[in-house]
Amino acid sequence: MTASCQTRVALLGGDAREEQVLTTLGDHGFQVVYAGRPPSTSECRAQWVADAGEALVGANLIILPMRGMGDDGRVSSAYLDYPVWIKGEDLAQTASEARLVVGVASQHLRQLADTYGITVIELADDDEVAILNSIPTAEGAIQMAMELTPITIHSSRCLVLGYGRCGVTLARALAGLGARVSVAARKPRDLARILEAGYRPVCFSEFHGALPEMDLIFNTVPRMILDRTALGLVGSEAVIIDLASAPGGCDFDAARSLGRQAVLAPGLPGKVAPVTAGQIIARRILRILKEEPSAAWRGEGGCGNA
């Protein structure tokens with residue numbers, strides 16, 4: 001029997017992205033048990049169960065959605081008819097040296113995993129996943145911009161705040177559509193790269209000066225930078241799209257009181273391109289599964305973490 005056949009995977013909750021993960025892992029011969037979503041209608045070899053406890057028995061790998069789970073133990077799921085919760089005693093039933101894959105792990109989830117000796121792997125901070133996810137994020141952000149503004153992206157004045165994994169892809173996509181792109185960054189290295197790419201570099205210490213002239217402002221920085229003072233400088237017809245992790249980097253209460261149009265747009269990959277986003281996650285999980293396994297990963301043990 002191959003290692004894949006002996007490796008038990010528990011997939012809990014999620015949305016359309018996890019359907020791709022189910023199919024991919026099933027096609028590769030892994031024993032997949034899932035809960036917190038409807039029974040799959042695809043041809044994947046996976047077993048549906050009613051609750052997390054049953055799915056987690058003997059699991060070598062636990063897969064949670066990108067949004068993880070709440071402090072009450074409820075796993076994020078797009079399917080309200082199939083809620084699922086994780087309790088400590090459920091995790092005690094997993095295989096020894098189990099791993100848990102999630103987009104973002106809350107402190108509560110980390111504490112539970114530590115208690116039962118489970119290694120947590122966060123995909124949201126994984127370069128492979130984050131860089132590839134920046135593609136549907138950029139496409140979704142531009143789609144929103146097209147819907148929210150009465151002007152074309154072509155010739156529009158766009159400011160991208162941050163030149164990380166998402167900012168790089170978004171700036172390139174906007175420029176490809178003919179936008180006049182400015183990018184704010186802190187590091188001299190990034191400002192040099194911005195200039196080299198043909199965009200207008202803006203030092204973060206001076207980005208307030210660029211705000212009044214912008215038609216579109218895209219924030220990728222996960223901290224409060226568009227505060228009331230900054231928002232007061234934004235033109236009344238401009239649109240702000242905040243792509244940073246919740247709660248974002250914009251003071252939305254201030255934006256409303258000032259009459260500025262600002263929207264928070266987290267999780268775009270799963271909304272605008274769930275098949276592609278799911279394939280990205282599935283490929284990364286396959287790489288995790290194929291890493292050097294421990295005895296428990298090869299199926300030689302299976303004792304719980306009681």
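All values below were derived from every heavy atom in this structure, side-chain atoms included, with hydrogens, water molecules and symmetry-related copies excluded. Each residue takes its place number in the sequence, starting with 1. It should be emphasised that the depicted structure is a prediction, and the values quoted were computed from it without experimental measurement.
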Can you name the residues that form a salt bridge (charged side-chain N to carboxylate O under 4.0 Å, His left out) with Arg157, not counting sequence neighbours?
Asp215
State, to 0.1 Å, how close [X] and [Y] come at their nearest heavy-atom pair, and which atoms those are.
X: Gly53; Y: Asp90; value: CA-OD1, 3.3 Å
X: Ala244; Y: Leu264; value: O-CD1, 4.0 Å
X: Val181; Y: Ala175; value: CG2-N, 3.7 Å
X: Ala59; Y: Ala98; value: O-CB, 3.6 Å
X: Ala105; Y: Val120; value: CB-CG1, 3.9 Å
X: Ala141; Y: Phe218; value: O-CE2, 3.9 Å

Are [X] and [Y] packed together at the side-chain level, in the sense that at least one heavy-atom pair is separated by less than 4.5 angstrom?
X: Ile285; Y: Leu289; value: yes
X: Tyr199; Y: Leu174; value: no
X: Val104; Y: Glu122; value: yes
X: Val221; Y: Phe204; value: yes
X: Ile240; Y: Leu231; value: yes
X: Asn133; Y: Ile280; value: yes
X: Leu100; Y: Leu109; value: yes
X: Val168; Y: Arg193; value: no

Can you check whether [Y]'s main-chain N or O pairs, donor with acceptor, with [X]'s side chain at less than 3.5 Å?
X: Arg37; Y: Asp15; result: yes
X: Tyr116; Y: Gly88; result: yes
X: Lys271; Y: Pro266; result: yes
X: Thr220; Y: Leu161; result: yes
X: Thr24; Y: Val21; result: no
X: Asp242; Y: Cys250; result: yes
X: Thr23; Y: Gln20; result: no

May I ask you to list the residues sharing a hydrophobic cluster with Val33, side-chain cutoff 4.5 Å, ordered by chain and number?
Val49
Using side-chain contact (heavy atoms from CB on, under 4.5 Å), reason through Val32 and Leu22 one step at a time and then give a plain yes or no.
CA-CA 7 Å; Val32 183; Leu22 275 175; 3.5 Å; yes
Just wondering, more than 12 heavy atoms not from [X] lying within 6.0 Å of its [atom1]?
X: Asp125; atom1: CG; answer: no
X: Arg180; atom1: CZ; answer: yes
X: Glu237; atom1: CD; answer: no

With the threshold set at 4.0 Å, does a side-chain nitrogen-carboxylate oxygen contact exist between Asp126 and Arg165?
no
[X]-[Y] co-clustered via ILVMFWY side chain contacts under 4.5 Å:
X: Met224; Y: Leu226; value: no
X: Ile217; Y: Val183; value: no
X: Tyr163; Y: Ile142; value: yes
X: Val234; Y: Leu159; value: yes
X: Met214; Y: Ile151; value: no

Would Leu170 and Leu243 count as a side-chain contact (heavy atoms from CB on, under 4.5 Å) here? Give the steps.
CA-CA 11 Å; Leu170 178 57; Leu243 303 171; 3.9 Å; yes
In Å and rounded to the nearest 0.5 Å, what is the [atom1] to [atom2] distance from [X] to [Y]?
X: Leu132; Y: Asp127; atom1: CG; atom2: CG; result: 10.0 Å
X: Ile121; Y: Ile288; atom1: CD1; atom2: CD1; result: 4.0 Å
X: Thr152; Y: Leu177; atom1: OG1; atom2: CG; result: 9.5 Å
X: Ile241; Y: Leu268; atom1: CD1; atom2: CG; result: 8.5 Å
X: Ile62; Y: Leu12; atom1: CD1; atom2: CG; result: 7.5 Å
X: Gln279; Y: Leu286; atom1: CD; atom2: CG; result: 11.5 Å

Evaluate the side-chain contact (heavy atoms from CB on, under 4.5 Å) criterion for residues Leu11 and Leu25: first the C-alpha distance (whole Å), next the side-chain angles of each, then the deciding distance (0.1 Å), finally the verdict.
CA-CA 10 Å; Leu11 187 150; Leu25 297 186; 5.6 Å; no
For Glu139, what residues pass the side-chain contact (heavy atoms from CB on, under 4.5 Å) criterion, not counting sequence neighbours?
Ile135
With sequence neighbours left out, what residues match Ser155 under side-chain contact (heavy atoms from CB on, under 4.5 Å)?
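Listed in chain order: nothing, the list is empty.
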Could you pull out every donor-acceptor pair under 3.5 Å between side chains of residues 66-81 and any protein atom, sequence neighbours left out?
| unit_1 | atom_1 | unit_2 | atom_2 | d |
| --- | --- | --- | --- | --- |
| Asp72 | OD1 | Arg74 | N | 3.0 |
| Ser77 | OG | Gly36 | O | 2.8 |
| Ser77 | OG | Tyr79 | N | 3.1 |

Who are the ring-ring contact (aromatic ring centres under 6.0 Å, His included) partners of Phe252, not counting sequence neighbours?
none
Could you please spell out the steps behind the side-chain contact (heavy atoms from CB on, under 4.5 Å) verdict for Ile153 and Leu216?
CA-CA 9 Å; Ile153 300 299; Leu216 288 160; 3.8 Å; yes
